[in-house]
Amino acid sequence: QLQLVESGGGLVQPGGSLRLSCAASGFALDYYAIGWFRQAPGKEREGVSCASSNGRSTNYADSVKGRFTISRDNAKKTVYLQMNSLKPEDTAVYYCAADPRYTISYCRRSDEYHYWGQGTQVTVSS
């Protein structure tokens, strides 16, 4: 059974850092493009970052460029989102998603992905 499980969320002060992890089970991550999304209360789901199946192609929302970094370790079947210089507006539930393609042209669109994790809460507050 294909499964994605996020972890690493929590409460952090503005300016702080968190690293989210997304562990895959039931499939070989090597053949899947991956995306990170977030959804704040009352807002639509937003594509934060995404990576091709080998991690060589990445994409970021303007709101997180220079602060967030997506990476993946296919041998460990895990994808990461390193988040630095966090702001209160980064507060949201963060989700990882996967789709069985090498790369996705519009990889920050949520409807491009078949498989989703359950999400992890990130709260940035003093």
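Only a predicted model underlies this, so the values are computations on that prediction, with no experimental measurement involved.
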Quiz item: Backbone N or O of V5 within a donor-acceptor pair of the Q118 side chain at under 3.5 Å?
Solution: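 Checked: no pair found.
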Quiz item: Under 3.5 Å, is there a donor-acceptor pair between the side chain of S52 and the main chain of S57?
Solution: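 Present.
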Practice problem: Go through the side-chain N and O atoms of R38 and Y94 and say whether any donor and acceptor fall under 3.5 Å apart. | Solution: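 Present: a donor and an acceptor within the cut-off.
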Quiz prompt | Any donor-acceptor N or O pair under 3.5 Å, side chains D73, T78 | solution =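 Not at all, the side chains of D73 and T78 share no donor-acceptor pair under 3.5 Å.
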Are any of the side-chain nitrogens in [X] or [Y] under 4.0 Å away from the carboxylate oxygens of its partner?
X: K65; Y: D62; result: yes
X: R108; Y: E46; result: no
X: D90; Y: R67; result: yes

Taking the side chain as everything from C-beta on, heavy atoms only, tell me whether [X] gets closer than 4.5 Å to [Y].
X: V12; Y: T123; answer: no
X: C107; Y: N59; answer: yes
X: C50; Y: Y60; answer: no
X: V79; Y: I70; answer: yes
X: P88; Y: P14; answer: yes
X: M83; Y: V122; answer: yes
X: S125; Y: L11; answer: yes
X: Y80; Y: L20; answer: no

[X] side, atom [atom1]; [Y] side, atom [atom2] - distance, nearest 0.5 Å:
X: Q82; Y: S17; atom1: CD; atom2: OG; answer: 5.5 Å
X: Y102; Y: R56; atom1: OH; atom2: CZ; answer: 6.5 Å
X: E6; Y: C22; atom1: CD; atom2: SG; answer: 5.5 Å
X: F68; Y: L81; atom1: CZ; atom2: CG; answer: 6.0 Å
X: R72; Y: S21; atom1: CZ; atom2: OG; answer: 13.5 Å

Quiz item: Step by step, would you call Y95 with L4 a side-chain contact (heavy atoms from CB on, under 4.5 Å)?
Solution: CA-CA 9 Å; Y95 302 88; L4 297 168; over 6 Å; no
Quiz item: Is it true that atom CD of E89 has more than 12 heavy atoms of other residues, nucleotides or ligands lying nearer than 6.0 Å?
Solution: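 Yes, CD of E89 has more than 12 neighbouring heavy atoms, counting only those of other groups under 6.0 Å.
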Which heavy atom in [X] sits nearest to a heavy atom in [Y], and how many Å separate them?
X: T58; Y: A51; value: CG2-CB, 4.1 Å
X: A61; Y: G47; value: CB-O, 3.5 Å
X: V93; Y: Q121; value: CG2-OE1, 3.2 Å
X: D99; Y: H114; value: OD1-ND1, 2.6 Å
X: A24; Y: L29; value: CB-CD1, 4.0 Å
X: I34; Y: A98; value: CD1-CB, 3.5 Å

Quiz item: side-chain contact (heavy atoms from CB on, under 4.5 Å) between D30 and S53: does it pass, once the steps are laid out?
Solution: CA-CA 6 Å; D30 314 50; S53 60; over 6 Å; no
Quiz item: ring-ring contact (aromatic ring centres under 6.0 Å, His included): which pairs involve residues 24-55, sequence neighbours left out?
Solution: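 Sorted result for residues 24-55: F27-Y32, F37-Y113, F37-W116.
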